[in-house]
Q: 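Here it is, the structure in full.
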Amino acid sequence: YNPGALTRMGRTQVMLNVAGVQQFVRFERTNFKGNGPLDNDTSSDGYGDPTDIQFDPITNKAPAYMIPHFGMSSSFGLPNTVFAFGFYPPYAPDLSYKAVGAQRYSLIDTQVIQTALGPSVAHKFFDWVSLGAGISWNWLYAEQELAISLPFHQQKALEYALGNDLSLDGWNPDPNEDPANDVRFKFEAQDASGIGWNLGVLLEPPSHAWAFGLMIQPPVSFHTEGKMSADFSNHVLYKKGAFDDDVILSKKVMDNKVKMEIAMPLIIKSGFAVRPGKQWELELASVWQNWSSIEQITITDLNLVVDLNEDFEVAGQPMGLEDAVIDENVNLPAAYQDSFSLRFGGQKDFGKTWSVRAGTFYESSGVPPATQSVALVDGPKFGYGMGGTYQPHWRIAIDLGISQSFLKSREVTDSEVRQISVHPMTGKFLDGSTIGNGKYSSSLLIFGMGLNFYFQKALKSDSAETTG
C-alpha cells in the first residue's frame with residue numbers, strides 16, 4: 001500500500017494471494033405498533049386497524065467471499081529503483097438475507113466488486129529516503145436487491161369510490177409493511193473508468209534499526225451506469241388482485257439507463273517500525289479515511305413505466321388510470337463520518353525458514369448509528385491478526401494469515417433509514433416507515449494464503465525485506 005516501501009524488495013519476485021472474507025451479522029429489529037396489514041375490525045373507521053408487527057432476528061447467510069491478489073516486482077538491473085505491477089481488490093464481505101425478513105426494505109442481497117490494477121515505482125535517495133508512486137485502473141460493480149412498498153388497501157379504496165371520491169389522492173395509500181404490497185427492486189451498475197493514484201515515502205537508515213512510512217491516496221471517483229428493475233408478480237394489484245380485476249398489468253419493468261455517482265474516500269496511512277534485534281520488528285501504524293465526504297448516495301435518471309389497466313373500475317365507476325412513471329431520484333442517506341484506525345504488531349524471524357507475526361488494532365466507525373442498516377453493518381471495533389511465513393527454499397515462500405474483528409453492538413433508536421414507498425397509481429414517492437431501528441451485532445473473519453516466487457537469492461542489503 002505504500003509504494004515508497006518497494007525499495008525494500010530487492011529481488012525479482014511474483015506474489016499470488018487469495019483471501020476469504022466473511023461477516024457475521026445479526027439484526028434484531030425493534031417491534032412497533034400499527035404498521036402491519038389492516039385487520040378486519042371496521043368498527044372504528046370502517047377500514048380496519050393496522051396490526052402490530054413482531055420481527056424475528058435475521059442473520060447474514062452469505063458464505064465467505066473469496067478475493068484474489070497478485071503482484072510482481074523487479075529492479076530490472078537498475079540500482080536503488082524497483083518497479084511493480086499488481087492487482088488488488090479491497091477486502092469486503094458478501095451479504096445475503098431472507099427475502100421476507102424484517103430487513104427486506106434495506107437489503108435482500110448484494111454484491112459489490114471493486115478492483116485496482118496498475119504499476120508502481122520507487123527510488124531510494126541518499127541511502128535512507130525512498131519515494132514511490134503508483135497509478136491504477138479501477139473497476140466498480142454494484143448489485144443490490146431489496147423490497148419497496150406500493151401500499152394499497154382494497155376496503156379503503158372501495159369506501160372512497162362509493163363516496164364518489166375517485167381522485168387517486170383519495171385512495172390515501174398509507175405506507176405500511178404488508179407483504180402483499182411488496183415489490184422486488186433490483187439495481188445493477190458498473191464503471192470501468194475509475195483512475196486512482198497514490199504517493200508514498202519511506203525513511204529508513206542503512207542500519208535498518210528503524211523505519212517510518214507515509215502514504216496518501218486521493219479519492220477515486222466512479223460514474224456508474226446500469227439498470228434497475230421492479231417485479232410486481234407478488235403485489236396485490238397484479239392480475240386480479242383487487243376487485244377481481246387487473247390493475248397493474250406489468251409483471252416486471254426495467255430501466256436500462258440509470259446512473260449512480262460515488263467517490264471512494266481520501267486515505268492517509270502512516271507507520272513507524274523499530275528493530276531491537278536482527279530477528280525482531282515492532283510497528284505502530286495508523287489509518288485515516290475521509291468517509292465524511294459521502295453525505296448520501298443518489299440513483300438518478302430513473303424512468304420505470306408501469307402499465308396500468310385504463311379500463312379499471314371501482315363499484316362501476318371508471319378510475320381513468322394512466323401508466324404510472326417512477327422517475328424521481330432515489331436518495332439513500334449516508335452521512336458517513338471519518339474513521340481512524342490504530343494498529344500495533346510485530347514479527348519474529350526464526351532463522352531463514354520461519355517467521356511469525358501477530359498484532360492487534362482498534363478502528364472507529366465510518367457509519368453513524370442514524371444511517372446504520374443491514375446493507376452496511378459497521379461500528380467501533382477491536383481485532384487481532386496472526387500469521388507467518390515458511391520459506392523451504394530461497395525460491396519460494398508460503399504465507400498464511402487470519403484476522404478477526406469484533407464490532408461493538410449497537411442499539412439504534414433514532415434511525416434515518418426509511419422504507420422506499422411509492423404510490424401505486426402515480427409512481428410518486430411517499431414517506432415510508434422507519435426501518436433501521438434495532439440492535440446490530442457483528443464480527444468479521446479474514447483468512448488468506450499467499451505464494452511468493454523469487455528469481456534471485458536475497459542479498460545482505462535486503463535484510464529488511466519482508467515476504468508478507
Side-chain angles (χ1 to χ4, degrees), residues 1-22 64-75 82-93 115-117 120 122 132 134 200 202 204 208 211 213 215 269 271 273 275 277-285 287 341 343-361 383-405 444-459 462-468:
Y1 291 100
N2 180 358
L6 288 173
T7 55
R8 300 177 70 189
M9 307 173 71
R11 45 183 171 160
T12 301
Q13 60 183 282
V14 173
M15 176 195 72
L16 301 174
N17 284 357
V18 64
V21 182
Q22 186 167 20
Y65 189 57
M66 306 309 294
I67 302 174
H69 297 73
F70 73 81
M72 57 189 72
S73 65
S74 178
S75 66
V82 175
F83 300 88
F85 186 87
F87 172 80
Y88 40 98
Y91 293 104
T115 64
L117 178 72
S120 301
L202 176 69
E204 186 173 25
H208 303 300
M215 187 278 293
K269 298 183 177 184
R275 302 184 183 92
K278 290 183 178 181
Q279 296 181 329
W280 279 95
E281 179 174 318
L282 302 174
E283 181 174 349
L284 181 67
V287 181
S341 175
R343 311 170 184 189
F344 177 76
Q347 173 177 309
K348 174 70 166 66
D349 297 329
F350 296 89
K352 297 182 179 180
T353 304
W354 293 92
S355 297
V356 296
R357 305 176 189 91
T360 186
F361 63 90
Y384 73 90
M386 63 178 63
T389 299
Y390 172 58
Q391 188 162 3
H393 190 271
W394 66 264
R395 287 189 178 274
I396 187 171
I398 303 170
D399 295 326
L400 293 173
I402 186 171
S403 174
Q404 281 186 290
S405 57
L444 193 69
L445 171 66
I446 301 176
F447 54 92
M449 175 180 180
L451 296 176
N452 300 273
F453 301 94
Y454 302 97
F455 295 86
Q456 297 100 23
K457 290 185 177 181
L459 302 176
D462 300 330
S463 59
E465 178 183 274
T466 60
T467 60

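In what follows, every heavy atom counts, from backbone to side chain, and hydrogens, waters and symmetry copies are set aside.
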Q: Are any of the side-chain heavy atoms of Arg343 and Val287 separated by less than 4.5 Å?
A: yes
Q: State, to 0.1 Å, how close Pro90 and Ile67 come at their nearest heavy-atom pair, and which atoms those are.
A: O-CD1, 3.6 Å
Q: To the nearest 0.5 Å, tell me how far Gln347 CD sits from Leu282 CG.
A: 10.0 Å
Q: Can you give me the closest heavy-atom contact between Ala122 and Leu6, atom names plus distance?
A: CB-CB, 3.7 Å
Q: Which residues pass the side chain to side chain contact (heavy atoms under 4.5 Å, CB included) test with Thr360, sequence neighbours left out?
A: none
Q: What distance separates Phe453 CZ from Arg395 CZ, expressed to the nearest 0.5 Å?
A: 11.5 Å
Q: State, to 0.1 Å, how close Pro89 and Pro68 come at their nearest heavy-atom pair, and which atoms those are.
A: CD-O, 3.1 Å
Q: Does the side chain of Met72 reach to within under 4.5 Å of the side chain of Ser74, using non-hydrogen atoms?
A: no
Q: Starting at CG of Leu445, measure out to CD1 of Ile402 and round the result to the nearest 0.5 Å.
A: 5.0 Å
Q: Whether the side chain of Arg275 engages the backbone of His208 through a donor-acceptor N/O pair (distance < 3.5 Å, no angle test) should be reported.
A: yes
Q: Do Ser355 and Arg357 get their side chains close enough for a donor-acceptor pair, meaning under 3.5 Å?
A: no
Q: Just by distance, with hydrogens left out, do Asp399 and Asn17 show a side-chain donor and acceptor under 3.5 Å apart?
A: no
Q: Of all the heavy-atom pairs spanning Lys352 and Gln391, show the shortest one and how long it is.
A: O-CB, 3.9 Å
Q: Would Lys457 and Tyr454 count as a cation-pi pair here, with the cationic atom under 6.0 angstrom from the ring centre and within 45° of the axis?
A: no
Q: Is any side-chain heavy atom of Val14 closer than 4.5 Å to a side-chain heavy atom of Phe70?
A: no
Q: Side chain to side chain contact (heavy atoms under 4.5 Å, CB included) with Val18: which residues, sequence neighbours excluded?
A: Met66
Q: Would you give the length of the straight line joining atom OG of Ser75 to atom CZ of Phe83, rounded to the nearest 0.5 angstrom?
A: 8.5 Å
Q: Can you confirm whether more than 12 heavy atoms, excluding those of Trp280, are under 6.0 Å from its CH2 atom?
A: no
Q: Of the non-hydrogen atoms in Gly200 and Pro3, which two are nearest, and what is the gap between them?
A: N-CG, 3.7 Å
Q: Are side-chain heavy atoms of Tyr390 and Thr353 found at a separation under 4.5 Å?
A: yes
Q: Taking all non-hydrogen atoms of both residues, which atom of Thr389 and which atom of Ala397 are closest, and how far apart?
A: CG2-CB, 3.9 Å
Q: Starting at OG1 of Thr115, measure out to CG of Leu117 and round the result to the nearest 0.5 Å.
A: 7.0 Å
Q: Under a 4.5 Å cut-off applied to non-hydrogen side-chain atoms, are Gln22 and Pro93 in contact?
A: no
Q: Quick one: pull up CZ in Phe344 and CZ in Phe361 and give me the separation to the nearest 0.5 Å.
A: 15.0 Å
Q: Identify, with sequence neighbours excluded, every residue that meets side chain to side chain donor-acceptor pair (under 3.5 Å) alongside Tyr384.
A: Gln404
Q: Which of these passes side chain to side chain contact (heavy atoms under 4.5 Å, CB included) with Glu281: Lys278, Glu283, Gln279?
A: Glu283
